Amino acid sequence: QLQLVESGGGLVQPGGSLSVSCAASGRTFSSYAMGWFRQAPGKERVFVAAIGRNGGSTKYTDSVKGRFTISRDNAQNTVYLQMNSLKPEDTAVYYCAARWGPVVTSEGGLYAYWGQGTQVTVSS
């Protein structure tokens, strides 16, 4: 069992930066690939970024490439999403998710554990 708790969301102006974190419980965090997803109002939850168990492999959706960076600290049981050059269309609830094993995937259905989400609002 893995419990995930996101933090760090908030309000930021367009062009600004924000970092969100996801803290995981349990002693096997390094056995899980991790992902970030987001859900905008009235829309489905979609993939944002994912990272492999040791951080050596990452995957991003096209709309955030070059702006967002996913990273992890296995000693701290935490995964991060650094978001730069934020746009209003990045406004959403951001969720972290965990999938046991080495595969880095954008398929939300393959993630077994989910956090409760943190709101990110990009607005002037």
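Since this is a predicted model, take the numbers as computed values, not measurements. Any value given below was found using the heavy atoms of this structure, including those in side chains, with hydrogens, waters and symmetry copies removed.
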task = Report yes if the side chains of Ser30 and Arg53 come closer than 4.5 Å at any heavy-atom pair, otherwise no.
result = no
message = Check this for me, if you would: do Asp62 and Lys65 make a salt bridge, where the nitrogen-to-carboxylate-oxygen distance has to be below 4.0 angstrom?
response = yes
ask   = Side chains of Thr78 and Asp73: donor-acceptor distance under 3.5 Å anywhere?
value = no
query = Can you tell me if CD on Gln39 sees more than 12 non-hydrogen neighbours from other groups inside 6.0 Å?
reply = yes
ask   = Mind checking whether Trp114 and Phe37 have parallel, tilted or perpendicular rings, split at 30° and 60°?
value = tilted
inquiry  = Is there a side-chain contact between Trp36 and Cys22 in this structure, where contact means two heavy atoms from C-beta onward sitting under 4.5 Å apart?
reply    = yes
ask   = What are the two closest non-hydrogen atoms of Ala33 and Tyr111, and how far apart are they?
value = O-CE2, 4.1 Å
inquiry  = Do Arg45 and Arg38 have side chains that approach each other closer than 4.5 Å (heavy atoms only, starting at C-beta)?
reply    = no
Candidate pair Ser17 and Gln82, rule side chain to side chain contact (heavy atoms under 4.5 Å, CB included), full reasoning = CA-CA 8 Å; Ser17 298; Gln82 175 66 41; 3.9 Å; yes
ask   = In terms of side-chain heavy atoms, does Gln76 have a donor or acceptor partner in Asn74 at a distance below 3.5 Å?
value = no
task = Decide whether Val48 and Tyr113 are clustered together by the hydrophobic rule: side chain heavy atoms of Ile, Leu, Val, Met, Phe, Trp, Tyr closer than 4.5 Å, transitively.
result = yes
query = Hey, are the side chains of Arg99 and Val104 touching, using non-hydrogen atoms and a 4.5 Å cut-off?
reply = no
Extract all donor-acceptor atom pairs below 3.5 Å that involve side chains of residues 115-124 and protein atoms in other chains or at least two apart in sequence.
from: Gln116; atom 1: NE2; to: Glu6; atom 2: O; distance (Å): 3.4
from: Gln116; atom 1: NE2; to: Glu6; atom 2: OE1; distance (Å): 3.4
from: Thr118; atom 1: OG1; to: Gly9; atom 2: N; distance (Å): 3.2
from: Gln119; atom 1: NE2; to: Ala92; atom 2: O; distance (Å): 3.4
from: Gln119; atom 1: NE2; to: Thr121; atom 2: OG1; distance (Å): 3.3

key: CD (Glu89) with more than 12 external heavy atoms under 6.0 Å   = yes
query = Relative to the ring of Phe68, is the ring of Tyr94 parallel (under 30°), tilted (30 to 60°) or perpendicular (over 60°)?
reply = tilted
Donor-acceptor pair, side chain of Ser21 and main chain of Ser7, under 3.5 angstrom = no
task = Compare all side-chain heavy atoms of Glu107 with those of Phe47 and state whether any distance is below 4.5 angstrom.
result = no
ask   = Can you check whether Val20 reaches Met83 side chain to side chain, under 4.5 Å on heavy atoms?
value = yes
Separation between OG of Ser71 and CG of Leu81, rounded to the nearest 0.5 Å = 8.5 Å
ask   = Are Tyr80 and Leu86 in one and the same hydrophobic cluster, where Ile, Leu, Val, Met, Phe, Trp and Tyr link if side-chain heavy atoms are under 4.5 Å apart?
value = no
query = About how many Å separate CD1 of Ile51 and CD1 of Ile70, when rounded to the nearest 0.5 Å?
reply = 5.0 Å
inquiry  = Any heavy-atom pair between the side chains of Tyr95 and Leu4 that's under 4.5 Å?
reply    = no
ask   = Distance under 6.0 Å and angle within 45° of the ring axis: does Arg72 meet both against Tyr32?
value = no
request  = Kindly indicate whether the side chain of Tyr60, heavy atoms from C-beta on, has any atom under 4.5 Å from the side chain of Thr69.
outcome  = yes
